[in-house]
Amino acid sequence: MRSHTASQIVLQSVGERVTLAGWVDRRRHHGGVAFVDLRDHTGVVQVVMEPQRFEESVLLRREYCIQVHGVIRRRPEGAENPAMSSGMVEMDVEELTILSPSEELPFPIEDRTDAEELLRLEYRYLDLRRPRMARNLAARSLALRTVRRTLEDMAFWEVETPTLIRSTPEGARDLLVPSRHNPGAFYALPQSPQIYKQLLMVAGVDRYYQMCRCYRDEDFRADRQLEFTQIDLEGAFWDQDDVLAAVEKVVMAVASVLRPDQEIPVPLPRLTYGEAMARYGTDKPDVRFGMQIQDLSDVFAGTGFRAFANILGSGGVVRGINAGQIQMSRARADALIAKARQWGAGGLVWMVVRPQAPPRSPVAKFLSQVELDSLVERMGGTPGDVLLLVADREKTAAQTLGRLRLDLGTPDDPDSLEFLWVVDFPMFEEKDGEITFLHHPFTSPTDVEQMVSRPLESVARSYDLVLNGVELGSGSVRIHDPDTQRRVFEIMGIPEEEAEERFGWFIKALRYGAPPHAGFAVGFDRLVAVLRGVSSIREIIPFPKTQTGAEPLSSSPAAVDREQLAELGIAVAPRRARAKPSG
RNA sequence: GGGGGCGUAGAACAGUCUGGAGUGUUCGCUGGCCUGUCAAGCCAGAGGUCGCGGGUUCAAAUCCCGUCGUCCCCGCCA
C-alpha cells in the first residue's frame with residue numbers, strides 16, 4: 001500500500017518514485033493546481049496535483065483516506081516551508097486512489113483547537129488522530145517498552161495475577177463481578193495485586209513486576225480513573241534501599257526517553273514524612289518553588305497577643321509562609337482568610353513587610369517590636385513581601401499553609417522535573433477517633449514493640465515517590481512474619497476470627513518460610529501525564545471514562561438483559577426513575 | 001455526600017447581569033472564481049428544539065424551580 005512514511009520523505013528523497021498513504025489533513029485548491037497535506041502517523045507531506053488530470057482530486061475532503069503515487073521533487077524557489085520537516089520537497093502526484101471517504105467532521109482535527117471533551121470522547125478515534133494525542137499514545141507506548149526493557153534487564157520476571165479476586169472491604173470501594181456458578185457471590189476486580197505479589201515472593205519469585213490494570217470505585221479527578229495502570233514490582237530479600245534504587249532506575253529510564261531535555265540527578269532527594277509536613281504542609285510537596293513553611297512558635301513563646309498565646313498554651317503552633325511580592329488588597333486578604341477557614345484553620349494573619357517600619361497588618365499593634373523583628377527575619381521578609389501566619393493545631397496549621405503555598409506559588413521553571421522520595425510515614429493515624437492505616441495493612445513497622453505500645457508514634461517502612469507535587473506511587477517493606485501481621489490486625493481493631501476469615505489464607509502462607517520482601521507500585525498514567533506535561537491522565541488513556549464512569553463512545557455502562565441477570569441470580573432493586581438523558 | 005464552572009448553528013465562542021423578532025464573531029460546510037499555496041485568497045449561500053421539563057410574564061437564550069450531562073475542587077481514594 002505504501003513504500004514510505006511521511007517522515008521518510010526528506011531532501012535526499014528527491015527523484016524517488018514513492019507511494020504514500022494517509023489522510024487529507026488540508027487541501028488548498030487553486031483551480032489549476034491543488035495542494036494536499038497528506039498526514040500519516042509520522043508526519044505530513046505536501047502532495048501536488050493538477051486537478052484537470054485527476055477528476056477525483058476535486059472530491060477530496062478533509063480526512064479522506066487516500067493513497068498517492070508519484071515522484072518526490074524539490075519545491076520551487078521561494079515555495080519551501082521551513083516549518084515542515086518535509087518542507088523542502090513535495091510529491092508530484094501521478095496516481096491518486098481514494099481508499100475511504102470521510103463524512104463532515106464533528107470537530108476539526110488539529111492541535112490548536114480543543115473541542116469539548118465529551119465530544120472528543122464520543123469520537124475518540126478522531127481525537128486520537130490529532131498529532132498531540134498521537135504523540136501521547138506514542139509516548140505511552142515508549143514508556144511501557146522502556147519499563148519492560150529496564151526491568152527485564154534487571155532480571156525481573158513479568159508475572160500476571162488474577163483480575164477476578166476476593167473482595168476486601170478495606171480501602172477503596174471494589175468493583176464487583178457476579179459469579180454464575182455461585183449466585184449471590186461476587187469476585188472483585190483488584191485495587192492492586194498486593195496480596196498476590198507477596199504470595200509470589202513466598203513462592204520463590206525473586207523479582208516480580210507487572211504492568212497491571214487496577215480498579216478503584218471512588219470519585220474521579222483529573223488524576224484518577226475507575227481503572228488505571230500501575231508498574232507493580234516486588235523483590236525478595238529486599239530492604240527499602242533496594243526498592244528505591246530499582247524504582248529510581250525504572251522511572252529515570254522512562255524520564256530520560258520521554259524528556260531527554262531534562263537532567264535529573266540521582267539518587268533522588270529524600271524527605272521524611274515529618275519534614276515534608278513541616279516544610280510543605282503535605283506529603284507530596286511540589287519543590288519546584290520555595291516558599292517553605294517556617295515554624296514561629298518560639299518567636300511568640302511569650303507573646304501578649306491573646307490569640308497566639310492561647311493556641312501555643314494548648315499545644316498548638318504558629319507557622320507562616322512568605323508569599324512574596326503579591327498585591328494585598330482588602331478583597332485579597334478576605335479571600336485568603338476565607339480559604340484558610342474553609343481548609344479548617346481558625347483564621348489567618350497577614351502582614352506586608354515595609355522598609356524602616358513595622359509590617360502593615362491588622363494585628364501588628366498586638367505584637368511587640370522584638371516579635372515583629374524576629375518574625376520578619378525568620379521569614380526572610382524584604383519590603384513588599386506578604387507574610388501569612390496560621391496559629392492552630394500542628395496538623396491544621398501545616399495543611400492550611402501547605403494549601404496556601406500551592407495556591408500562591410508558581411514553579412520557578414514549570415518544565416522542570418522535581419522528583420523526591422517521602423519516607424518514614426507513620427504506621428497509623430487517628431481519624432474520627434479510630435486508628436486507620438496510612439498505607440495498607442501489610443506494611444512493616446520499623447519497631448514492632450513500639451507499634452504495639454504506642455501505635456500512633458509508630459513509623460512504617462513505607463515510602464512515596466513524588467514528582468512536581470504529584471504522588472506517583474508508593475511502596476513499603478512488607479510484613480513477612482505471621483505474628484506481626486496478626487498484631488497489626490489487632491491494633492486495627494479487627495477481631496481475630498474476622499482476620500482469620502478474611503486474611504487467614506494469606507497469613508498461612510507467611511508460615512512457610514516467607515522471605516523478607518519489599519516493593520512498590522508506580523501510577524503509570526500519572527507518570528506519563530506529568531512527563532508529557534498534561535494536566536489530566538485522560539489525555540494519556542486512549543479510551544477514558546467521564547467523571548460519572550461513563551464511556552461516551554460505546555455508552556457503557558449499560559443495562560443488560562433480564563435473562564443475563566436471572567442467570568446470575570441478581571435482582572435489581574427499584575430506584576428512583578432515571579430520566580432519559582437529553583441534550 | 002458537598003461547593004463551583006459550563007451547556008446557544010457541524011466546531012470554538014459572544015449575547016444571559018438589566019426579558020423585547022434566533023442577533024453576532026471566527027472556523028468548518030455547499031456552490032463559484034483562482035497555477036505556488038501551506039490556518040491559501042476572493043465572491044455567494046445554506047445551516048438554530050439557545051441541553052431537557054415546568055413556572056412567572058403581553059413577551060424568556062435571558063428571571064424562578066426542577067432535571068440531565070460535562071469539567072474542576074472538597075470529602076472519599078487501606
Side-chain angles (χ1 to χ4, degrees), chain A residues 25-38 44-52 58 61-63 75-84 86-87 90 103-123 126 168-174 191-192 194-195 214-226 228 339 342-344 399 403 406-407 425 427-429 431-432 434-443 460 462 471 474 476 488-489 492 494 503 523 535-536 538 545-550 552 576-583:
Chain A
D25 198 55
R26 274 211 165 64
R27 189 192 59 148
R28 295 173 292 280
H29 207 301
H30 289 242
V33 63
F35 303 94
V36 171
D37 289 339
L38 182 76
V44 174
V45 171
Q46 171 166 285
V47 304
V48 186
M49 55 192 87
E50 288 166 22
Q52 55 268 36
V58 177
R61 297 285 184 267
R62 279 189 158 197
E63 297 308 312
R75 292 194 188 188
E77 185 95 27
E80 299 93 348
N81 182 354
M84 285 172 81
S86 64
E90 62 191 10
E103 292 185 4
E104 188 184 338
L105 300 169
F107 56 86
I109 295 184
E110 52 192 30
D111 280 345
R112 67 199 160 83
T113 47
D114 250 331
E116 203 168 298
E117 193 168 352
L118 182 63
L119 192 65
R120 292 173 52 202
L121 294 181
E122 214 173 305
Y123 294 90
L126 297 181
T168 54
E170 294 81 19
R173 246 174 245 118
D174 278 327
Q191 296 175 27
S192 81
Q194 185 61 36
I195 289 184
C214 301
Y215 305 84
R216 292 181 192 172
D217 191 5
E218 295 295 341
D219 289 349
F220 305 165
R221 290 278 195 288
D223 62 349
R224 285 168 18 194
Q225 280 270 307
L226 194 60
F228 60 98
K339 271 185 188 169
Q342 188 190 319
W343 292 331
Q399 286 178 351
R403 287 179 167 184
L406 284 182
D407 211 44
F425 277 75
M427 272 299 276
F428 311 98
E429 67 176 348
K431 204 183 245 174
D432 308 323
E434 288 193 3
I435 290 185
T436 61
F437 283 100
L438 249 74
H439 203 53
H440 57 60
F442 313 109
T443 300
S462 69
E471 182 194 323
S474 59
S476 62
V488 168
F489 288 130
M492 284 290 300
I494 299 175
F503 298 110
S535 56
S536 167
R538 293 189 300 273
K545 297 188 173 37
T546 68
Q547 219 160 47
T548 52
R576 66 193 167 89
R578 287 176 69 94
K580 213 179 168 196
S582 55

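Chain letters run A, B, ... following the sequence lines, proteins first and then strands; every chain starts at 1. This is a predicted model, so every value here is computed, not measured.
Side-chain atoms of A:Arg112 and base atoms of B:A39 include a donor and an acceptor less than 3.5 Å apart. Evaluation of atom-type donor-acceptor distances gives a pair under 3.5 Å for the side chain of A:Arg221 against the base of B:G75. Remark: the A:Arg216 side chain and the B:C77 base include no donor-acceptor N/O pair separated by less than 3.5 Å. In this model, a side-chain donor or acceptor of A:Gln46 finds a partner on the base of B:U37 within 3.5 Å. Residue-to-nucleotide contacts include a donor-acceptor pair under 3.5 Å from the side chain of A:Arg75 to the base of B:U37. A donor N or O paired with an acceptor N or O is not found under 3.5 Å between the base of B:G75 and the side-chain atoms of A:Glu218.
Within 4.0 Å (heavy atoms only), A:Ala550 reaches sugar-phosphate atoms of the nucleic acid but no base atom. Nucleic acid contact for A:Ala222: sugar-phosphate only, since backbone atoms but no base atoms lie under 4.0 Å from a heavy atom of the residue. Within the nucleic acid shown, A:Arg120 has no heavy atom closer than 4.0 Å to any nucleic acid atom. Contacts of A:Pro441 with the nucleic acid, taken as non-hydrogen atoms under 4.0 Å apart, include base atoms. Across all strands shown, A:Glu90 has heavy atoms under 4.0 Å from base atoms, whether or not it also approaches the sugar-phosphate. Residue contacts shown for A:Glu80 include a base, since a base heavy atom lies under 4.0 Å away. Residue contacts for A:Met84: at a heavy-atom cut-off of 4.0 Å it reaches a base atom on one of the strands shown. A:Thr436 comes within 4.0 angstrom of no nucleic acid atom, judged by non-hydrogen atoms across all strands.
A:Phe220 CZ to A:Phe228 CZ: the interatomic distance, rounded to the nearest 0.5 Å, is 11.0 Å. The line from CZ of A:Phe35 to CG of A:Asp37 is 10.0 Å long, rounded to the nearest 0.5 Å. Here the OG1-NE2 distance, from A:Thr168 to A:His440, works out to 11.0 Å after rounding to the nearest 0.5 Å. With rounding to the nearest 0.5 angstrom, the CD atom of A:Gln547 is 9.5 Å from the CD atom of A:Gln225.
Taking atom CD of A:Glu104 as the reference point, atom C1' of B:A9 lies 11 Å away to the nearest angstrom. The interatomic distance linking A:Glu116 (CD) with B:G5 (C1') rounds to 12 Å, in whole Å. Following rounding to the nearest Å, A:Asp407 (CG) and B:C74 (P) show an atom-to-atom distance of 11 Å. Rounded to a whole Å, the CD atom of A:Gln52 is 9 Å from the P atom of B:U35. Taking atom CD of A:Gln547 as the reference point, atom P of B:C76 lies 17 Å away to the nearest angstrom. Atom CG of A:Asp223 and atom P of B:C76 are 15 Å apart (whole Å). Taking atom CG on A:Leu406 and atom C1' on B:C74, their separation rounds to 15 Å, with Å as the unit. In this structure, A:Arg27 atom CZ and B:C34 atom C1' are separated by 13 Å, rounded to whole Å.
Across the C1' atoms, B:C77 and B:C17 are found 40 Å apart, a figure rounded to whole Å. Taking atom P in both B:C29 and B:C71, one finds a spacing of 29 Å when rounded to whole Å. Across the C1' atoms, B:G19 and B:U62 are found 6 Å apart, a figure rounded to whole Å. With both ends at atom C1', the span from B:C42 to B:C34 equals 9 Å, rounded to whole Å. With C1' as the reference atom, B:G51 and B:U70 are 11 Å apart, rounded to whole Å.
Each of A:Lys545, A:Arg120, A:Glu117 was scored for a side-chain contact (heavy atoms from CB on, under 4.5 Å) with A:Arg538, with one residue passing: A:Glu117.
In terms of position along RNA chain B, the nucleotide closest to A:Val33 lies nearer the 5' end than the nucleotide closest to the other residue of the pair A:Val33 and A:Gly87. If A:Asp114 and A:Gly78 are placed on RNA chain B by their nearest nucleotide, the residue sitting closer to the 5' end is A:Asp114.
Closest contact between the side chain of A:Ala172 and the listed nucleotides B:C38, B:A11, B:C77 involves B:C77. You'll find that the side chain of A:Pro108 is closest to B:A11, out of B:G36, B:C29, B:A11. Of the listed nucleotides (B:C38, B:A39, B:C72), B:A39 has the atom at the smallest distance from the side chain of A:Arg26. Comparing atom distances between the A:Arg224 side chain and each of B:A12, B:G36, B:C77 picks out B:C77 as nearest.
In this structure, A:Thr548 reaches the B:U70 phosphate: one of its side-chain N or O atoms is under 4.0 Å from OP1 or OP2. The phosphate of B:C77 has neither OP1 nor OP2 within less than 4.0 Å of any side-chain N or O from A:Gln191. Applying the 4.0 Å criterion to OP1 and OP2 of B:A40, one finds that A:Arg28 has a side-chain N or O inside that range. Here A:Arg61 reaches the OP1 or OP2 of B:U30: one of its side-chain N or O atoms lies under 4.0 Å away.
Residue ring and nucleobase are stacked for A:His30 and B:A40, with a centre distance beneath 5.5 angstrom and an angle between planes beneath 30°.
Listed for the A:Arg61 side chain is no donor-acceptor partner under 3.5 Å among the backbone atoms of A:Glu104. Between the side chain of A:Ser192 and the main chain of A:Cys214, no donor-acceptor pair closer than 3.5 Å is present.
Put simply, the side chain of A:Glu218 reaches to within 4.5 Å of the side chain of A:Arg173, judged on heavy atoms.
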